[in-house]
Structure formats: structure tokens, C-alpha cells
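Here the structure is laid out as C-alpha cells; the discussion comes afterwards.
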2 protein chains.
Amino acid sequence: MPGVDPRQHLLDYAEALFADHGPHGVTVREVARRARVDPALVHYYFGTKTALFEAVFTRRAEVLNAERLRSMDAYARRAGEHISVEGAVEAFLEPILRRSVEGDPGWKNYFRLVALVNNTPEWGGEMMTRYFDPVIRRLLDILRRCMPEARDVDLFWCYHFLSGALTLSLSQTGRIDRLSGGACDSADMEALHRRMIPFIAAGFRRVCQPQGEAHVA
Amino acid sequence: MPGVDPRQHLLDYAEALFADHGPHGVTVREVARRARVDPALVHYYFGTKTALFEAVFTRRAEVLNAERLRSMDAYARRAGEHISVEGAVEAFLEPILRRSVEGDPGWKNYFRLVALVNNTPEWGGEMMTRYFDPVIRRLLDILRRCMPEARDVDLFWCYHFLSGALTLSLSQTGRIDRLSGGACDSADMEALHRRMIPFIAAGFRRVCQPQGEAHVA
DNA sequence: GTCTATAACTGGATAGAC
DNA sequence: GTCTATCCAGTTATAGAC
């Protein structure tokens with residue numbers, strides 16, 4: 001393979017395999033075989049299998065986090081006083097949903113991996129915190145401005161529901177396709193986007209702002 | 001261990017380990033070691049590691065599904081014309097949340113395992129469908145009566161959000177504890193219950209019944 | 001039913017030639 | 001940087017004694 005960085009090449013295949021089977025379900029040899037790279041080179045580049053896993057997780061996290069912070073800042077500036085729960089959630093999710101809609105297979109694999117990690121006790125609590133907390137705090141800051149009377153514990157729990165709904169939707173298990181007998185397509189990220197924002201925003205309002213539920217911005 | 005069924009005993013320890021690390025992260029030897037049972041007996045009782053995993057998953061699914069169907073039927077009878085989205089979701093979730101509140105460690109491990117499976121492409125689509133679809137169809141039947149104008153695709157997507165929010169909440173990764181700096185306790189299933197029902201019900205209404213959002217039952 | 005022994009194999013990791 | 005050869009710990013699974 002001329003002109004290809006073998007390091008990035010390995011990360012791509014490791015990402016896809018880790019997303020399907022989880023780190024324990026993947027062997028270094030299998031990653032190397034798929035990438036048509038010698039198994040010993042995986043250790044040359046990354047040292048250990050665990051380090052390879054961390055490298056996969058880090059690579060896109062940094063790109064994504066930076067963009068999500070920009071997206072929320074831009075929204076807050078743009079909206080000014082007319083800030084809304086829908087707008088905040090939209091700004092938080094947009095960088096993820098846009099990449100999903102665009103269909104880049106690397107990003108789709110990455111999101112499946114995040115979903116798996118998020119729901120696995122062995123890594124979930126620690127890794128998700130380490131990589132994504134700053135972005136979430138920014139979202140909650142904006143939501144506090146929309147709902148000044150919201151209690152922090154309510155905001156945290158509602159974010160937890162958002163996180164679960166989002167990661168399952170990104171995990172692409174084909175679940176909703178089977179459940180609906182083909183009426184829904186788990187790869188249709190446009191359909192997801194249209195429903196997810198109002199669903200989540202309505203939930204936040206109901207729990208965090210029980211009195212003011214009626215006035216939708 | 002006198003008077004203990006070694007089969008159930010093995011299932012308990014396998015359940016706990018599978019829930020923590022996923023099937024690939026667990027060895028038959030480790031299950032046997034924890035259960036203080038000879039490794040060869042695992043094969044004697046269950047045949048293969050995969051069969052052990054299926055046995056773990058099946059054992060409680062049957063108990064739980066039967067009770068969830070009863071719970072929803074009882075609610076539909078009791079509520080009659082005054083059926084509500086909140087009530088339907090509550091009836092659907094009650095058998096799960098009650099067991100979580102009661103704190104039986106076996107059930108808590110099982111719920112963590114379901115969360116992990118739900119978000120792993122390797123098994124998620126197939127196993128969740130095979131075990132849980134009848135219960136979900138019953139929920140959607142009741143919701144259709146609450147929201148006659150709801151479209152099926154909307155109901156399926158909203159259920160998907162419910163499923164993601166629920167399984168992440170049951171996965172007990174300690175995520176929300178860290179995120180909230182200790183203000184929330186992921187093991188506090190009462191706190192979960194109080195917020196989850198209104199959050200999910202509001203989301204369903206907003207997406208499936210955009211016109212009638214104002215009149216809460 | 002239970003345990004010992006072992007077959008047959010695969011895993012991560014490395015030393016060292018090129 | 002790349003690849004061959006290999007170490008060795010650990011894997012599922014089973015045969016066969018008790």
C-alpha cells in the first residue's frame with residue numbers, strides 16, 4: 001500500500017472490529033490480517049492491545065469534542081436570549097448526527113464502539129468520563145440558562161437518558177429494523193434526527209421544568 | 001455446598017461475570033473458580049460456553065416477560081378508558097424497576113447483562129428480538145390506544161429511545177455518579193424511577209402526538 | 001456426578017534477522 | 001521499518017478414572 005500511513009490503516013480496522021465484538025472479542029492477529037499488515041507490526045506501532053484500543057478511542061474523540069464545543073458556543077451566541085432546550089440539544093448532537101447522516105464508515109464504526117463502551121461496566125464509567133465530560137458540562141450549562149429553576153440532579157439524570165437513547169441509536173444492531181418488521185431502518189439517521197431532538201427536549205422540560213412545560217419556544 | 005443446585009450456582013456466577021466483561025471477556029475457568037466448582041463440570045452441565053451464555057440469558061427472561069405481560073394487562077383492565085402514556089410506560093417498566101429497587105444482586109447483574117447485549121452488534125439485534133419482542137408489542141398496542149393518531153414508525157423510534165435510556169440506566173457503570181461529582185447515585189433506582197417515567201412519556205407524546213401535547217391525563 | 005489429566009489450539013508478546 | 005520464528009501462558013473441550 002503506497003502512500004498509506006499504516007498506523008491510521010490499522011486504527012481503521014481495529015475500530016471496526018472493536019465496534020462489532022468489543023475489545024475482548026478481537027485478536028491482534030485478526031486486526032493485522034484484515035489490514036493486511038504483519039501481526040508483529042501492531043506491537044511495533046502500539047505496544048500492547050490495550051494501547052491500540054485507547055488509540056482508537058482517542059483519535060476521533062479529540063476531533064469530535066472540539067467540534068461539539070464549537071457547535072454549542074456558536075448556538076449560544078446565535079440564539080442569545082432566544083435560547084431553547086431544543087436548540088441546545090440540537091447543537092450538542094449535530095456534529096454526531098451529521099457525520100452519521102454523511103455515512104462515513106469510519107465514524108459510524110466509532111459511534112458503535114462508543115455505544116458499546118458506554119454500556120460496559122468494565123470501561124463505561126471511567127472512559128466515558130475521561131473523554132466526554134467537558135462537552136456534557138457545556139451542554140448542561142446552556143440548559144441551565146434555558147431552565148433556571150432546574151435542579152442539577154434532574155439535569156444529570158435527564159442527560160443520562162439522552163446518552164442511553166443516543167448510544168443505542170448509534171450502535172446499529174439492527175434492532176429497530178427487526179422490531180418494526182422493516183418499517184424502520186436503523187441506518188436512517190435522518191429519521192433518527194427528526195425524532196430524537198423533540199423526544200429528548202420534551203423529556204428534559206417535563207422533568208426539569210414541570211411547571212413551564214406548556215410554553216414551547 | 002450442601003443443598004445447592006450447582007447448575008443455578010454456576011448460572012449466578014456466570015451472570016455476574018458476563019455482565020461485567022461481556023461473554024468474550026470471561027473464561028469458563030474463571031466462572032468455575034468463582035463458583036468453587038470444577039471447570040469440567042461447567043461442560044458437563046451446559047456443554048459449551050455459548051450454551052452457558054444462552055442459559056444465563058434465558059433463565060430470567062422467561063420470568064420477567066411473563067410478569068411484564070401480566071403487569072400491562074392488569075393496567076389496561078384497571079385503567080379502562082382512562083388509559084395514559086404514563087400508565088402504560090409505568091406498567092411496562094414496573095417489574096424491572098421494582099426488582100432493581102429491591103436490590104437482588106442476581107437481577108441487577110442480569111439487567112447489566114441485558115444492557116451490554118442490547119448495545120453490542122454481535123448479539124444485540126438478534127437476541128433482544130428473540131427474547132423481548134412480544135412484551136414490546138404489547139406496550140405499543142396499549143400506546144396506540146392512548147394515541148390513536150400515532151404513526152407506527154414514530155412509536156418504534158420512541159420505543160428505541162426508551163430502550164436505550166433504560167438499558168444504560170440499568171448498566172451500572174457508575175457513569176452518572178462521576179459526571180455529577182457524586183450528586184447522583186446510579187444505584188438509586190427510586191431516583192431513576194421518578195424521572196424516567198415522565199421523561200419517556202413526555203417524549204412519546206411530543207413525537208407521536210404533536211398536536212395533543214398540552215393535555216396531560 | 002465429580003475430578004484428573006491432557007489434547008489441541010490460540011492468545012499476546014518479543015528476539016533477532018534483514 | 002518489516003517479517004520470521006518462537007515463547008509460553010492460557011483457552012475450550014474431552015477422555016477416562018473414581
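Computed over heavy atoms, backbone and side chain alike; hydrogens, waters and symmetry mates excluded. Just so we're on the same page: letters track the sequence lines, and every chain starts at 1.
A:H160 and A:W157 have perpendicular rings, their planes meeting at more than 60° on a 0 to 90° scale where under 30° would count as parallel. Classification of the A:F111-A:W107 ring pair by plane angle, with boundaries at 30° and 60°, yields tilted. Aromatic ring pairs are classed by plane angle as parallel below 30°, tilted from 30° to 60° and perpendicular above 60°; the pair A:F57 and A:Y131 is tilted.
You'll find the side chain of A:T48 stays beyond 4.5 Å of the side chain of A:F53, heavy atoms only.
The ring of B:H9 has its center closer than 6.0 angstrom to the ring center of B:Y13.
Rounded to an integer number of Å, the gap from CG of A:D38 to C1' of D:dA5 is 11 Å. Computed from coordinates, the A:L10 CG to D:dT2 C1' distance equals 13 Å when rounded to whole Å. For the pair A:F53 CZ and C:dG12 P, the interatomic distance rounds to 14 Å; values are reported in whole Å. The separation between A:H24 atom NE2 and C:dG12 atom C1' is 14 Å, rounded to whole Å. Residue B:H21 contributes atom NE2, which lies 13 Å from atom P of D:dT11 at whole-angstrom precision.
Counted by atom type alone, B:E90 and B:H193 present one or more donor-acceptor pairs between their side chains at under 3.5 Å.
Annotation: proximity of residues 40-48 of chain A to DNA chain D (heavy atom, distance under 4.0 Å) is found for A:A40, A:L41, A:Y44, A:Y45, numbered in ascending order.
Taking the ring centre of B:F92 as origin, the terminal cationic atom of B:R68 falls inside the region bounded by 6.0 Å and 45° from the ring axis.
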Could you list the protein-to-nucleotides 8-11 of chain C atom pairs, N/O on both sides, closer than 3.5 Å?
none

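Between B:D20 and A:T120, the shortest heavy-atom distance links the atoms O-CG2, 3.8 Å.
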